[in-house]
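Here is the structure we will look at.
For reference, positions follow the sequence shown, starting with 1. Values below: every heavy atom of this structure, side chains too, minus hydrogens, waters and symmetry copies.
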Amino acid sequence: MGPIKQHIYVGAMLVVALFAVPRASAIDIVLDYSIDEANEGWFSGSPEGLARRASVNSAASFLSAIITNDNWDAISVFNKDLSFTDIAASSLNDLNGNPVAGLPESDGAGFSYNFDLTNLSSVGANEYVIYVGAFEFDSGTSSHAKAGWDSSDRRNAAGNAGMEFNTWGGKMYFDTGDTWYTGQNPGIDPTDDYGIQDPNKMPTSDITSDNWDWHTSLHVWKGFELDSIDPAAVNQSDLYATALHEMLHALGATSSNMSTYVGVSGNTLIGSNLVAEYGGPVPKSSTGHFANDVQSEVWDSNGIISEVTLDPNSLDATRKYLTKLDAALLRDLGYQVLDTFVTAPTADFDNSGVVDIADLDKWNADFGGPGSDANGDDFSDGADLLLWQQQFGDGSVVANSSSVPEPTSLLLLVGLLSAFLRRQR
């Protein structure tokens, strides 16, 4: 390393000592499709099946990226089972492919099942396993999807003390008799898909120039109108939004946990995070949901208003994204939830999974060429050094870089060093 680069190295280290961004570690939501693969294969094989799987995976990836708990213990001894209700078929296959007769339900319309989790022997630290299935539901239920968590296993001291919810996982399953929309997959980061909303938050009509459905009689926002960008969505239930809703239940957003961990007063939820976000107690239903038509700002949307994801009802061709109120409920359950989206660090120049000193070494070696490019301009320079500084020590980086300190003196230092290096090469 020449003397000029040595000076930059030391200067960058001083910058890091002052302004390094702390690393965020996320819960890893692991989706297990074994139940489906042993039965309908609804999420497998065909292009339609793979599109369904992609929708559900997107919802799980999004929640995994914004939930940052990192102190959940592994569970090494595992002997669990899962229950499924309101199934039309009188026989299903268990995880070993063996036929199992259903238990007739009291309403005479369908069957329930209990499956041993013979394919799971442990759950890793900070993992949350959700089994995903699909069956034709019986005629006695109006539900199009169901979910829940399983077991009283707790993953850390706070969980064992009854202060926060955490267990190994749960399940969610979907009605194959419904018509599902699987287009417009938002990927891990949905924030670019939020569209445009009428700036008048109490409009007199639902204008066609925005993408959000305003209910002119209820005077509430119902959600993103998928058919405004894709006519194929008409008369179809959105699988992504439904999966996101059911995943909240699988993560513990149920009536029993609302009473235990969140706080209930009459027909309202009084968790501290919920009250702070809503401005007072939040109306709830009797079924582990917020009350109908509760409104909130969409998470990381810069002011778009929508019906909450955990509303008990939804409209065809309408997508409900996670809202700040949904995130507040997760926080009251004990989850640590980011306020803005995170992405993979762009300054991980050696692809090690973390931004560290080795990346600075590679930046030094690549300076002036196309390598070690953190800002997408195909050139390694001082701007990339600044991004390395912001992301140092991180396996993820807040997408909104305005949350990272950027003193004028720091910008000037990096700019001067970059210009000096250009002259010397």
Rounded at 0.5 Å granularity, tell me how far [atom1] in [X] sits from [atom2] in [Y].
| X | Y | atom1 | atom2 | value |
| --- | --- | --- | --- | --- |
| Gln295 | Leu218 | CD | CG | 9.5 Å |
| Ile207 | Gln197 | CD1 | CD | 9.5 Å |
| Phe115 | Asp94 | CZ | CG | 6.5 Å |
| Leu330 | Asn273 | CG | CG | 10.0 Å |
| Asp359 | Ser372 | CG | OG | 7.5 Å |
| Glu105 | Thr85 | CD | OG1 | 5.5 Å |

Whether the [X] and [Y] side chains hold a donor-acceptor pair (N or O, under 3.5 Å, no angle test) is what I'd like checked.
| X | Y | result |
| --- | --- | --- |
| Tyr113 | Asp81 | no |
| His215 | His219 | no |
| Tyr131 | Asp36 | no |
| Asp206 | Thr216 | no |
| Asp32 | Asn119 | yes |
| Thr167 | Arg155 | no |
| Asn156 | Asn166 | yes |
| Asp373 | Ser380 | no |
| Asp116 | Thr118 | no |
| Asn126 | Asn69 | no |
| Thr309 | Lys320 | no |
| Ser228 | Asn211 | yes |

[X] (side chain) donor-acceptor with [Y] (main chain) under 3.5 angstrom:
| X | Y | answer |
| --- | --- | --- |
| Trp168 | Ala74 | no |
| Glu297 | Gly303 | yes |
| Asp86 | Thr141 | no |
| Asp230 | Leu226 | no |
| Thr268 | Pro281 | no |
| His249 | Met247 | no |
| Thr323 | Asp326 | yes |
| Asn257 | Ala253 | no |
| Ser296 | Leu325 | yes |

Is the count of non-hydrogen atoms from other residues, nucleotides or ligands lying under 6.0 Å from [X] atom [atom1] greater than 12?
| X | atom1 | result |
| --- | --- | --- |
| Ile196 | CD1 | no |
| Asn302 | CG | no |
| Asn79 | CG | no |

**Asked** Relative to each other, are the rings of Phe174 and Phe43 parallel, tilted or perpendicular (30° and 60° limits)?
**Response** perpendicular

**Any side-chain heavy-atom pair of Val123 and Asp153 under 4.5 Å** = no

**Prompt:** Mind checking whether Trp180 and Thr242 have side chains closer than 4.5 Å, heavy atoms only?
**Reply:** yes

**Item:** Residue list, salt bridge (charged side-chain N to carboxylate O under 4.0 Å, His left out) with Asp107, at least two apart or on another chain
**Value:** none

**Request:** With sequence neighbours excluded, tell me which residues meet salt bridge (charged side-chain N to carboxylate O under 4.0 Å, His left out) with Glu136.
**Result:** none

Which heavy atom in [X] sits nearest to a heavy atom in [Y], and how many Å separate them?
| X | Y | value |
| --- | --- | --- |
| Gly252 | Phe165 | CA-CE2, 3.6 Å |
| Gln184 | Arg319 | O-NH1, 2.8 Å |
| Leu251 | Tyr335 | O-OH, 2.6 Å |
| Thr182 | Ala51 | OG1-CB, 3.7 Å |
| Gly288 | Leu310 | O-CD2, 3.8 Å |
| Asp178 | Ser237 | OD2-OG, 2.9 Å |

**Request:** Could you walk me through whether Leu333 and Val262 pass side chain to side chain contact (heavy atoms under 4.5 Å, CB included), step by step?
**Result:** CA-CA 6 Å; Leu333 285 170; Val262 178; 3.8 Å; yes

**Message:** Are Phe349 and Trp388 an aromatic pair, judged by ring center distance below 6.0 Å?
**Reply:** no

**Message:** Would you say the rings of Trp42 and Phe135 are close, in the sense that their centroids are separated by under 6.0 Å?
**Reply:**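 No.
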
**Message:** Under the criterion ring pair (Phe, Tyr, Trp, His ring centres under 6.0 Å), I'd like the reasoning laid out for Phe137 against Tyr173: C-alpha separation, chi angles, the key distance, then a yes or no.
**Reply:** CA-CA 10 Å; Phe137 286 11; Tyr173 49 111; 5.8 Å; yes

**Passing option when Tyr321 is tested against Phe341, Phe62, Tyr194, Trp299 for ring pair (Phe, Tyr, Trp, His ring centres under 6.0 Å)** = Tyr194

**Message:** Applying side chain to side chain contact (heavy atoms under 4.5 Å, CB included) to Ile130 and Glu246, what does each step give before you reach the verdict?
**Reply:** CA-CA 10 Å; Ile130 299 179; Glu246 299 303 335; over 6 Å; no

**Message:** Apply side chain to side chain contact (heavy atoms under 4.5 Å, CB included) to residues Leu274 and Glu277 and explain how you reach the verdict.
**Reply:** CA-CA 5 Å; Leu274 285 169; Glu277 177 61 39; 6.0 Å; no

**Message:** Quick one, Tyr33 with Asn57, criterion side chain to side chain donor-acceptor pair (under 3.5 Å). Give me CA distance, side-chain angles, the key distance, then yes/no.
**Reply:** CA-CA 11 Å; Tyr33 290 89; Asn57 287 351; 2.7 Å; yes

**Asked** When you look at Lys324 and Asp339, which way does the salt bridge (Lys or Arg N to Asp or Glu O under 4.0 Å) test go after all the steps?
**Response** CA-CA 8 Å; Lys324 290 185 175 182; Asp339 290 320; over 6 Å; no

**Verdict with supporting geometry, Trp212 and Trp221, ring pair (Phe, Tyr, Trp, His ring centres under 6.0 Å)** = CA-CA 7 Å; Trp212 291 80; Trp221 293 99; 7.5 Å; no

**Request:** In sequence, state the C-alpha distance, the side-chain angles, and the governing distance for Leu322 and Val298, and then conclude on side chain to side chain contact (heavy atoms under 4.5 Å, CB included).
**Result:** CA-CA 6 Å; Leu322 191 83; Val298 174; over 6 Å; no

**Asked** Given Asn98 and Asn93, is the side chain to side chain donor-acceptor pair (under 3.5 Å) satisfied, shown in steps?
**Response** CA-CA 5 Å; Asn98 300 317; Asn93 295 328; over 6 Å; no

